[in-house]
Amino acid sequence: MIRENFMHPYRTHTCGALRPSDAGTEARLSGWVFRKRDHGGVLFIDLRDHYGITQVIIHPEKSFFEECQRWRPESVVTVTGRVMQRTPETVNTDLPTGAIELVVDDVKVQSAAETLPLHLAGDEEGPEETRLRYRFLDLRRERLQRNIALRSKVISSMRRRMTAKGFNEFQTPILTSSSPEGARDYLVPSRIHPGKFYALPQAPQLFKQLLMVSGFDRYFQIAPCFRDEDARADRSPGEFYQLDIEMSFVTQDEIFATVEDVMHGIFTEFSNKTIDALPFQRIPYRESMLKYGSDKPDLRIPIEISDVSDVFADSDFNAFRSVVGKGGVVRAIPVKGIANRPRSFFDKMVAFAQSVGSKGLAYLVWEEAGIKGPIAKFLKPESIAAIAGRTGAGNGDAVFFVSDMPGPASKIAGEVRVQLGRELDMIDPNVFRFCWIVDFPMYEYDEELGAVTFSHNPFSMPQGGMEALETKDPLDILAYQYDIVCNGCELSSGAIRNHLPEVMYKAFAIAGYPPETVDEKFGGLMRAFRLGAPPHGGIAPGVDRIVMLLANESNIREVIAFPMNQKAQDLMMNAPCTVTEKQLRELHIRLNLPKQAEAKES
RNA sequence: GGGGGCGUAGCUCAAUUGGUUAGAGUUCCGGACUGUCGAUCCGGUGGUUGCGGGUUCGAGCCCCGUCGCUCCCGCCA
């Protein structure tokens, strides 16, 4: 009956392959027992593999019938039988294979499963800790199979697109040296050099720049990056991947054009959402901070903040007037068509503003009968007219006001803007809104240190070059430093690099680093720049975040096959873990644990 | 390092706001059942209410501490 000799030992088809056109043929399938429906007289099993689900049927006269009844979910089995077209009333339109079923003549258990800690057939996800500890089980779910497969396809597409543009793919060292700037490093002790450490790269930043100095012209890498920083929902602890890019002899606009093309292509290829037409809009940093209260604005929210400090500077509203008098500002957040919202809505917004650090949240409401709101009585008609003129507010609209020093005021106004967008359901879930944030300041004033520090990448070229560094107030100098942002999510930072040693020394001097320090910390790079370095620049979009946006996931763990938990532990592999005394001895390391940890060890 | 949320059966949750023996669905185990597709029906197992202390005649519920998970702030050149 079954021509064993001619059949593959495990399968002739995948579980997503069979169709009515296969009816009447013999087929062999292997997969996981997903669901069983046992009618006593007939047993239905949904057999699942990566490609799909096929219903297999076992009849009671078969010698193996009772054995199959005992199969536990997630056991791996091979079944062989005849493909049958289902009768019209038994077709399952939810499955691609739903028009056929496999009537089984032979079975073989490849791997019997014990009772599961998670059940995969239902909608319930189960506790996060169990999901992570049994990640290989969780990964069997359709959603994660889809996400991880999407990630694979996105990365392939990135490679294809970059290669097509003439970029070469490189590998750079994983064991490298600790960098003084930036995040905390992951350190790896050296056995051969007692007391010395490698560091895992926070990014291949210096290597890719050196490859430009080497003349490779166009670099890319799907680069693993390691940073010992705490996790967020959109930030995996420890490690993540970047589509790392660097180009020689380019202007900022050429980098934008290259990256826009890749990003637009990827997002078009893997999503049905509407994507902004090219070129993506460019927003100077200061404008973004004013209009959106953020350097990663969610442009899906149709609200633009404006400054109305001058209107309140001579108003009767003391709270705001005094803040403006002390160098503060007043920011207006206009919202269309919410005048008829109940008082509780406005109260809720006030409470929200306070929860993010605001002293309060004032507002005006443009009603038929006139201007309402707690601060209306303090404002002269011409002031209200000025606010209406600047914010576009009219009948039926409302404007919220935040007053504070410029930094906090921007931030709070930005938070209120996003909260309004969420609360009022203004965020269109079917669009990807991209923008470039450009003209980041080169330096910022660090209140804590009481000194000028680099606000972003110290290797960025200052706009205006040496002349700007020598003549301008450092806080007014802009850098060729940019971010690409999608739906309020920062996908990447990038910059035109500073490849001129003299400009580099000057730039670091302003941030308080003497030339010796620059040479000591970045000797390799500085040496390279004295031996013929091309002007160059680049960017490094976050792969995990891109996949997360495309997969419509709000937590980055859902697009990483083996993620760590929030405390940077791998619950499945039990990392980090203790090591033997012998290992420590070889590395010349003696532990000096805090008291609490010592207690835990024993 | 700090703040918020959560923690009750393997899982998802309930327990009339401090009151009798902590329930339901699901999983699991057993039984019945020849067309289901989250099969159905019957029965059963399953609990140190995260842990420790306190208040109280009485604590799943209140208080203190602690542990775990999660979200956020700090941090992320």
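Letters A, B, ... mirror the listed sequences (proteins, then strands); counts begin at 1. Remember, it's a predicted structure, so these values are computed and weren't measured experimentally.
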- Item | Residue A:R72, side-chain heavy atoms: nucleotide from B:rC75, B:rC28, B:rC69 that is nearest | B:rC28
- Message: So that I know where these two stand, are A:Y285 and A:F440 an aromatic pair - ring centroids less than 6.0 Å apart?
- Response: yes
- Task: State yes or no: are the ring centers of A:Y482 and A:F256 separated by less than 6.0 Å?
- Result: yes
- Message: Suppose we screen for side chain to side chain contact (heavy atoms under 4.5 Å, CB included). Which residues come up paired with A:L478, at least two apart in sequence or across chains?
- Response: A:R286, A:D439, A:Q463
- Task: Apply salt bridge (Lys or Arg N to Asp or Glu O under 4.0 Å) to A:K36 and list each qualifying residue two or more places apart in sequence or on a separate chain.
- Result: none
- Query: At under 4.0 Å between heavy atoms, what does A:R133 touch on the DNA or RNA strands: base, sugar-phosphate, or nothing?
  - Reply: nothing
- When all nucleic acid strands are considered with a 4.0 Å heavy-atom cut-off, which category describes A:L43: base, sugar-phosphate, or nothing? nothing
- Check every strand shown and say whether A:R235 touches a base, only sugar-phosphate, or nothing at a heavy-atom separation below 4.0 Å. base
- Sort out for me which residue in A:R135, A:R146, A:R131 forms a salt bridge (charged side-chain N to carboxylate O under 4.0 Å, His left out) with A:E558. A:R131
- Message: Run A:V559 and A:R545 through side chain to side chain contact (heavy atoms under 4.5 Å, CB included) and show every step you take.
- Response: CA-CA 9 Å; A:V559 298; A:R545 281 188 187 169; over 6 Å; no
Taking N or O atoms only and anything under 3.5 Å, show me the protein contacts with nucleotides 22-27 of chain B, one pair per line.
none

- Nearest-Å distance once atom P is located in both B:rG23 and B:rG44: 14 Å
